[in-house]
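Right, one structure below, let's go through it.
What's counted below: heavy atoms across the whole structure, side chains too, no hydrogens, waters or symmetry copies. Fair warning: this is a prediction, and the values are worked out from it, not measured in the lab.
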Amino acid sequence: MKKIFAKYIPVFATLLVVLSGCKKLLDLEPIDQIPEDRAFETVADLQKGTSAVYGMYGWHTIMFLNAVLSDEIRIGPGNAGFGQVVYRYQYRADETSGEEVSSVFFNMYGLIDQANRVLAAMDRVETNGSGEATKNLLKAQLLAMRGIAHFEVLKLYSKNYDPSDSLGVSYMTKSDLFAKPERKSVAESVALIEKDFADADALLPNIGSSEFSDLVINKINLAGFRARLALYKRDWQAAVAHATTVINSNVKPLSSGTNFQNIWRDAGVSEILFRIRFNGSGVGSIWTGVGGTIDFSPSNKLIAQYDQLNDIRFPAYFQIDGLTGAYYVNKFYESSRGGRIVDAKAMRTAEMYLIRAEANAEINTSSSLTAATADLNLLRSQRISGYVNESFPTRETLLSAIINERYKELAFEGFRFNDLKRK
């Protein structure tokens, strides 16, 4: 017995040493990760976290779904199956629909989680003076982006606006990867988005043209997002007020001619209120491959809406492929950085005129109808050579003209499917 015990003593000793070593190894922190409580220790860290939020704003996925699910595009001559699950409305509850259907959902909640992580770290970062001002600015941007992301989910994954509808969105105000939150009602969802927008606005400083940047959230383009939300909510007076705030700021007035055409090849920033930078494969590759393969062509219905000889949008938005004879989407086609590498224009001044025109037409008073007509005619005059102002006999004909102008002006920019839903 003593011999057996003596035989196994070295084994037990070895096991103890190994287990002790394992414990020490388990106590070591991974070298490829930063613990969350140490990820944000300075204002510079908060800035990096906020920049990541902007980088996660996948407006190009919103552009794709709004076009493919609507009457903006048709299957192109070079399409080999790309996007056809969505094109055929083949939605399923499981994953067989493809990521085209779920991409916006996962993208936006990823953004929301990142925003919440940075917001949670705000109070841990001690600052004073200019550092405190910067921290408040970053907090405002994060609150706004959180509201914007929830709004995108609400528009695409809920029914048309109905405040009594119980199926709004799950509104996340803190990071919790294991949470299973219930969906708020549509009314509750909109109220929470409005709160994030209002809280952000209260922290943002007043700015003018010299301080304006179209790459970050500021008081002016936030008013544009508030105008969008008010239009969705059918709060016509608020839509007019917020859109007017943007227009009257005059930071990005309507453009025409070459200045307008330069928008779509990143040769100018006229009218752009908010954009997402692309340095690699850009938004143009949604429609046409880098080698020129046409995956999606503009629809015949859309092409037929334009005065091809006099409307500067026609050559800016469409061109004919010399090999196939098919139209392709020229909007976002190329820039000085290369083919299809063009920034996503998430908001332009033209949209604000169209929001204000639609809301005024819905208000339906003599003065509001006159104002709506004036906005529509002004926009058209910047796009159509020799345009003569048009009058409209009824509110209904005016509204129809405004919605059709949205179809023409904002083609492929991420609005059409949602516009069809709400109308």
- Could you point out which residue of I148, T50, D201 forms a side-chain contact (heavy atoms from CB on, under 4.5 Å) with I217? I148
- Query: Is N116 reaching over with its side chain to a backbone N or O of L119, donor-acceptor style, under 3.5 angstrom?
  - Reply: no
- Return yes if some donor-acceptor pair links the side-chain N/O of K219 with the main-chain N/O of L204 below 3.5 Å, else return no. yes
- Query: Do we see a donor-acceptor contact under 3.5 Å between the side chains of E72 and N66?
  - Reply: no
- Task: Kindly write out the residues that satisfy salt bridge (Lys or Arg N to Asp or Glu O under 4.0 Å) with R422, not counting sequence neighbours, or none if the list is empty.
- Result: E358, D419
- Tell me, please, which residues at least two apart from D321 pass salt bridge (Lys or Arg N to Asp or Glu O under 4.0 Å). none
- On the 0 to 90° scale, with breaks at 30° and 60°, tag the Y328-Y333 ring pair as parallel, tilted or perpendicular. tilted
Please identify each residue that fulfils ring-ring contact (aromatic ring centres under 6.0 Å, His included) with [X], with sequence neighbours left out.
X    : answer
Y54  : none
F197 : none
F415 : W59

- Message: Going by the rule side-chain hydrogen bond (donor to acceptor under 3.5 Å, both in side chains), which residues pair with E132 if we only count those two or more places apart in sequence or in a different chain?
- Response: T127
Could you tell me which residues satisfy side-chain contact (heavy atoms from CB on, under 4.5 Å) with [X], sequence neighbours excluded, listed by chain and number?
X    : result
A316 : F260, Q261, W264
Q114 : A52, V53, M56, R117, V118
S249 : I220, V251
S256 : Q382

- Starting from the C-alpha separation in whole Å, work towards a yes-or-no answer on side-chain contact (heavy atoms from CB on, under 4.5 Å) for T373 and L376. CA-CA 5 Å; T373 302; L376 179 59; 5.8 Å; no
- Query: Among pairs that include at least one residue of residues 169-185, which meet salt bridge (charged side-chain N to carboxylate O under 4.0 Å, His left out), considering only residues two or more places apart or in two chains?
  - Reply: none
I need the minimum non-hydrogen distance between [X] and [Y], along with the two atoms involved.
X    : Y    : result
L254 : L379 : CD2-CD1, 4.0 Å
V329 : F296 : CG2-O, 4.3 Å
P181 : S170 : O-OG, 3.2 Å
A344 : M63  : CB-SD, 4.1 Å
S213 : N218 : O-ND2, 2.9 Å

Is [Y] paired with [X] through a side-chain N to carboxylate O contact shorter than 4.0 Å?
X    : Y    : result
R337 : D343 : yes
R313 : E405 : yes
E409 : K345 : no
R383 : D311 : no

- Message: Once ring pair (Phe, Tyr, Trp, His ring centres under 6.0 Å) is applied, what residue pairs with a partner in residues 363-408 remain, sequence neighbours excluded?
- Response: none
- Item | M347 vs R228, side-chain contact (heavy atoms from CB on, under 4.5 Å): CA-CA, chis, key distance, verdict | CA-CA 10 Å; M347 182 182 291; R228 281 184 187 173; 3.6 Å; yes
